[in-house]
Amino acid sequence: MKELIQSLDVREVSAQEIVQHHLEEIAQHDPGIHAFITVDQEGALRQADDADRRRAQGQALSPFDGIPIAVKDNISTKGLRTTCGSRMLEDYVPLFDATVISRLRRAGLVLVGKTNLDEFAMGSSTEYSAFGVTHNPHDHSRVPGGSSGGSAAAVAAGEVPWSLGTDTGGSIRQPASFCGVVGLKPTYGWVSRYGVVALAPSLDQVGPMAKRVEDAAALFALIAGNDPRDATSAKAPSFQVPAWDPEVLRDLRVGVPEEFFSAGLDSQVEHAVRGCLRQLEDQGAVLQPLSLATNAYAIDTYLTLVTAEASSCLARYDGVRYGKRVEAEDSNTMFAKSRSAGFGSEVKRRIMLGTYVLSANHYEAYYEQAQKVRTLIKEDVLDALSQVDVIITPTTPTAAFQIGAKRDPLEMYLSDLFTAMANLSGIPALSVPCGLNSHGLPMGIQIMGGNFSEALLFQVGYMIEQGVEGSARHGQL
Ligand code: GLN
């Protein structure tokens, strides 16, 4: 990306040429990958034209003016349809931009299109999209992860230099790990959710995805910041991209939770993650074994809360105000028919589960109980973070699985085993590629830290990236 920005700056290359190049990459690769639901070729070329004109007049909006980006299709884009991967919203064209989109436009980024996702961001493979499956660019017979599978695959395939995803239980980090790209789930509240279609508002965050840590950090700096339009937005200052100083590792206390290295963890993933930990140690970090015992409850707690919140958020799709409408003789039948036709089976499953856990007879046993366990999980995490600076784990227990391999929804839910904890406790978590397994599939390492510690996470991630590249150059991976 650095080279791209430099050549734009000295006008060796125009935004038109950059965008044209990426559109050609999309035309070439996307028929096999299907990362995009919508490609806005005309709009992208027009935006590139505007960027070139501004630059010629010495009025570039930012160093990134004219750089293309793709955005997950649950983020509202004015005039460009936003489907959430659902038949329910297949014709929905927002009348406004999400705050993150306004921020990108303010920096002059060129929105080339909207990427595929599991319907309403519910899933871990992008197989639950109503618009078809996305394929992993490293092996087309495998999933790219999900739910931000399109955003991860588009970056991995070189169709765009970076993208935005959303993460409620792991949906940025797991696909980043499966596709070999960098992905950040920011501190809850640092990025505005205004205009982002809600899955579970107490857990959702928008975050950057890119090939390199530095680029993910630069994109994060563009989107992070307080937004009065989002009541849950943190009163945090803007994010400053850190200086990439190796000194950051000196005496850095790295927590290694034993629960994330136990049965079920693929041996090649474990080997790669432990290799990175050893490298950090060699560079001055101090590894500290610790326990995060409450992670045993993370998936159950997450599922109870995510289904409850989703069932409530998705009540608005009733055929009247938004979305698909199937006419019927009376209004109740119309609601039922519209929702039956508009939602896919995973969404229906979650709405039913969520309605059940919120129902009067079960509320205390499930929803309230899950809230209490969430507090315990949060306390466990914050307690660990009072003893160490960062916590490092694998991002996922395995590399990308085959398309169609996980028919049982419970098995699919286990994909979030290592990622849900950060959403439940609100802390930031970064996934960085940590090597390829014997099938040539990427694996990811996760770095978690205290609230608003993104600068530190990026710096540690950068050192890991350097180390992994060094080992790859020496044929050690
Ligand atoms: N895989 C998780 C789920 O299915 C995460 C979803 C997300 O983060 N949007 O709920």
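These figures come from a predicted structure and were not determined experimentally. Every number for a ligand or one of its atoms is a count from 1 in the order of the listing.
The two atoms that bring L305 and Y367 nearest to each other are CD2-CE1, 3.6 Å, heavy atoms only.
Between Y317 and F343, the ring planes lie perpendicular to each other; the angle is over 60°, past the 30° to 60° tilted range. Using a 30° and 60° split on the angle between ring planes, F418 and F260 fall in the tilted class, from 30° to 60°. Using bins of under 30°, 30° to 60° and over 60° for the plane-to-plane angle, the ring pair F178/F401 lands in the perpendicular bin. Using cut-offs of 30° and 60° on the angle between ring planes, the pair F220 and W190 is perpendicular.
Using a 4.0 angstrom heavy-atom cutoff, V306 does not count as in contact with ligand 1. Contact annotation: G170 has at least one heavy atom less than 4.0 Å from an atom of ligand 1. Residue Y302 places a heavy atom less than 4.0 Å from ligand 1. Within the 4.0 Å heavy-atom cutoff, D167 counts among the residues contacting ligand 1.
Looking at S415, G146, S124, P409 and measuring to atom 1 (N) of ligand 1, the nearest heavy atom belongs to S124.
Within 6.0 Å of CZ on F239 lie more than 12 heavy atoms contributed by other residues, nucleotides or ligands.
In L199, the part holding a heavy atom less than 4.0 Å from any atom of ligand 1 is the side chain. Under 4.0 angstrom from ligand 1, the non-hydrogen atoms of S147 all belong to its side chain.
The closest donor-acceptor contact from the side chain of R87 to the backbone of G342 lies at 3.5 Å or more, if one exists at all.
D416 OD2, 2.9 Å is the protein heavy atom nearest to atom 2 (C) of ligand 1. Nearest protein heavy-atom contact of atom 7 (C) of ligand 1 is S171 OG, 2.4 Å. Closest to atom 4 (O) of ligand 1 among all protein heavy atoms lies R350 NH2, 2.7 Å.
Of all atoms in ligand 1, listed by their number and element, those nearer than 4.0 Å to a heavy atom of A121 are 6 (C), 7 (C), 9 (N).
Side chain to side chain, D227 and S192 meet the donor-acceptor criterion of an N or O pair below 3.5 Å.
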